[in-house]
Amino acid sequence: EARPLRDVPDWLMQRVLATGAFPRNEVNQVAANEYLDRAGISSHVEEPTSFGPNLATLSMLSPVEMTLTPAEEDLHGRDGLDHGNWVKILLEPRSLLLLQGESR
């Protein structure tokens with residue numbers, strides 16, 4: 001269910017704004033997802049033209065492992081093997097990951 005951005009809890013907005021990467025008028029959306037039994041999101045690219053130059057991910061209840069790969073890699077032709085250009089990040093509960101610049 002979509003809700004207005006003003007409904008985002010103050011503690012969450014304060015945490016994101018404390019990074020200094022997001023002026024208040026630059027935060028354009030917040031998504032909350034729950035993943036059960038090791039489910040997750042498949043490979044994709046968050047387009048900077050749609051979501052802005054900065055992206056924050058907050059792990060709330062459980063640790064999550066993220067694998068970052070170069071955006072120019074063909075998503076459909078991946079062989080599932082790290083060829084030395086993947087970055088794996090373990091995001092512990094209550095950790096905030098900020099992606100900017102080349103990592104974005």
Side-chain angles (χ1 to χ4, degrees):
E1 171 185 336
R3 297 173 68 181
L5 196 56
R6 68 179 175 271
D7 287 352
V8 172
D10 286 337
W11 65 264
L12 176 57
M13 192 60 79
Q14 288 172 11
R15 178 106 188 246
V16 171
L17 295 176
T19 67
F22 298 93
R24 186 157 187 90
N25 63 351
E26 191 179 295
V27 175
N28 62 17
Q29 75 174 281
V30 174
N33 301 309
E34 180 180 17
Y35 302 103
L36 304 173
D37 300 324
R38 300 189 51 85
I41 301 174
S42 62
S43 296
H44 66 283
V45 174
E46 299 285 359
E47 286 295 326
T49 54
S50 299
F51 300 105
N54 305 313
L55 183 74
T57 299
L58 175 66
S59 176
M60 296 177 68
L61 300 175
S62 300
V64 61
E65 181 179 282
M66 297 179 69
T67 302
L68 305 179
T69 61
E72 61 272 2
E73 276 192 19
D74 178 17
L75 293 178
H76 303 292
R78 291 187 178 160
D79 57 12
L81 300 174
D82 181 356
H83 297 280
N85 60 351
W86 292 7
V87 176
K88 294 187 181 222
I89 298 169
L90 177 61
L91 209 56
E92 294 287 354
R94 300 180 53 145
S95 296
L96 181 71
L97 172 68
L98 177 63
L99 299 174
Q100 298 177 293
E102 188 177 332
S103 69
R104 176 69 179 91

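Just so it is clear, the structure is predicted and the values come from calculations on it, not from any experiment.
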Applied to residues 88-100, the side-chain hydrogen bond (donor to acceptor under 3.5 Å, both in side chains) test, sequence neighbours excluded, yields Asn54-Gln100
If you compare all heavy atoms of Ser62 against all heavy atoms of Ser59, which two are closest, and at what distance to 0.1 Å? O-OG, 2.6 Å
Looking only at heavy atoms, what is the nearest atom pair of Met13 and Val27, with distance? CE-CG1, 4.2 Å
Which ILVMFWY residues can you reach from Leu68 by hopping between side chains whose heavy atoms are under 4.5 Å apart? Leu55, Val64, Met66, Val87, Ile89, Leu91, Leu97, Leu99
Would you say Leu61 ends up clustered with Leu12 if hydrophobic residues are merged whenever their side chains have heavy atoms under 4.5 Å apart, either directly or through other cluster members? yes
With the 4.5 Å side-chain cut-off for hydrophobic clustering, are Trp11 and Leu5 part of the same group? yes
Gap between atom CG of Asp10 and atom CG of Leu17 - 0.5 Å precision: 10.0 Å
